[in-house]
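Let me begin by presenting the structure, written as structure tokens, before commenting on it.
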Amino acid sequence: MTAELPTGPLTGVRVIELAGIGPGPFAAMMLADLGADVIRVDRVGDVDPSGFGTPHPDLLNRGRRSIAVDLRSTDGREVALALIGDADALIEGFRPGVTERLGLGPADCHAVNPRLVYGRMTGWGQDGPYAPYAGHDITYLALTGVLHGIGRAAEPPVPPLNLLGDFGGGGMMLALGVVAALYAVRGGAAGQVVDAAIVDGVAVLSTQIHALRRLGMWQDPRGVNLLDGGAPFYDSYECADGRYIAVGALEPKFYDELVRRTGFPLPPDEAPDRTDPANWPALRAAWARLFRTRPRDEWAALLAASDSCLAPVLDWQEAPEHPQLAARRTFVVHDGVRQPAPAPRFSGSPTAVRRPPPWPGEHTDEVLDEIGYPADQVAQLRAAGTVG
């Protein structure tokens, strides 16, 4: 198992991550990918030394080290505060009030480190009537109106995996907030709390749709609009082999290129005016009949290197092997595991996957030594079950 030298624009920044699932770890992964030294605080009960030295399978935890601490114990709290006292930022994803009850809330942490950026990841936010309760990606999307807009006309809404809420509106927004607050601290500001709520982030992501509604360019029923599968020139179609192609020929010149290269339409179909939504059902049927005449990869080859805005719908295994993604190394192999590469890219401070995902507690001794705990005290803490 290898660890590369620090690199990336956040080199020199130390982040403490209180272990959680989903968007919090994703934000920590983003910061680690950008070069931050991220130390994940795992639960003592999750430690299994038999895995040490091999990559943990959870790729969201890549790029950092792990220390296992019982945060409910007095000594464990002191270990956490010692880590926090030497850190630039902290990320936690508990329900509101949990870290306060542990003695690790913002006030506790700022007492030992006034410059700390304290990042909080929740679904509903730190306040409001729903704040104390559980939720998941689909429930956050539902209340923001976004889920309503995803799906086919006259059919139920479709969950867009958990990418839009957990990772786009949640983890990505938290990472941005932490970086922005770190920038303020570097400029002389005090540390502060970053309250990242998935409902807030998803709402921000939907700003364009709200703008289109105000402009009279978006209807509230789903599946009838330009970008939600309503338009036949912005949709996916089944091919002769049962696989799919995706068409995104929005602009007239791109649509004209698509028509020219495909030979659309097949006789006896017609090509009605695409700007009139009343023609969309007939136009969709004509395109569907054409695309079913060839297998997916034939269509992809025919329309490659053009402005026709057509692409094959690749599966998880195929995607990393596509020539465009391969040329950019959008997926990389680290410690024998293929995975998405860090993004975005920087000309002067390149990023890289520096460490594989750690097993809980894999770096406990190493990290405690760095913050000044002598070996005999570490042994005492381990014997008491305070660290693992």
Side-chain angles (χ1 to χ4, degrees), residues 1-17 19-42 51-67 83 86-91 117 119 121 163 166-168 170-183 186 314 316-364 366-367 370:
M1 199 163 67
T2 60
E4 299 179 12
L5 293 174
T7 182
L10 292 185
T11 297
V13 171
R14 173 165 285 191
V15 178
I16 306 302
E17 173 199 5
I21 59 174
F26 179 73
M29 184 197 81
M30 292 291 297
L31 299 174
D33 283 352
L34 296 178
D37 175 19
V38 180
I39 298 172
R40 179 176 167 93
V41 180
D42 279 297
F52 291 1
T54 62
H56 192 282
D58 190 348
L59 292 174
L60 281 184
N61 292 339
R62 75 185 184 192
R64 51 246 212 218
R65 295 179 290 171
S66 170
I67 175 174
L83 284 167
D86 192 39
D88 297 289
L90 176 143
I91 288 176
V117 172
M121 182 77 261
L163 302 181
D166 282 348
F167 300 117
M172 194 75 74
M173 290 291 182
L174 176 58
L176 173 63
V178 167
V179 170
L182 286 171
Y183 181 82
R186 293 293 171 93
L314 304 179
W316 302 107
Q317 182 68 30
E318 293 174 307
E321 299 165 0
H322 187 273
Q324 174 64 23
L325 305 189
R328 283 186 57 81
R329 299 190 73 241
T330 299
F331 291 81
V332 296
V333 176
H334 190 272
D335 270 294
V337 179
R338 185 163 64 179
Q339 56 197 284
R345 306 182 184 199
F346 300 85
S347 62
S349 49
T351 58
V353 178
R354 293 182 291 116
R355 291 177 176 271
W359 290 85
E362 188 166 357
H363 305 97
T364 296
E366 176 183 321
V367 172
E370 285 181 5

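Since the model is a prediction, treat every value here as computed from it, not as a measurement.
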Flag side-chain contact, heavy atom, 4.5 Å: Asp335 against Val353:
no

Taking the side chain as everything from C-beta on, heavy atoms only, tell me whether Arg40 gets closer than 4.5 Å to Pro25.
yes

side-chain hydrogen bond (donor to acceptor under 3.5 Å, both in side chains) filter on Glu321, not counting sequence neighbours, yields none

For Arg338, I'd like to know if atom CZ has over 12 heavy atoms of other residues, nucleotides or ligands within 6.0 Å.
yes

Quick check: do Arg186 and Asp88 have side-chain heavy atoms less than 4.5 Å from each other?
yes

Is it the case that atom CG in Leu163 sees more than 12 heavy atoms from other parts of the structure closer than 6.0 Å?
yes

Looking at residues at least two apart in the chain, or sitting in another chain, which of them share a side chain to side chain contact (heavy atoms under 4.5 Å, CB included) with Ala28?
Glu17, Val38, Arg64, Ile91

Output all residues satisfying side chain to side chain contact (heavy atoms under 4.5 Å, CB included) with Val367, sequence neighbours left out; order by chain, then residue number.
Ile39, Arg65, Ile67, Leu83, His363

Apply side chain to side chain contact (heavy atoms under 4.5 Å, CB included) to Phe346 and list each qualifying residue two or more places apart in sequence or on a separate chain.
Pro9, Leu34, Pro344, Ser349, Thr351

In chain order, what residues pass the side-chain hydrogen bond (donor to acceptor under 3.5 Å, both in side chains) check against Ser66, with sequence neighbours excluded?
Asp42

So that I can tick it off, tell me whether Glu362 and Arg355 are bridged by a salt bridge, with the cut-off set at under 4.0 angstrom between side-chain N and carboxylate O.
no

Could you tell me which residues satisfy side chain to side chain contact (heavy atoms under 4.5 Å, CB included) with Thr330, sequence neighbours excluded, listed by chain and number?
Leu325, Arg328, Arg345

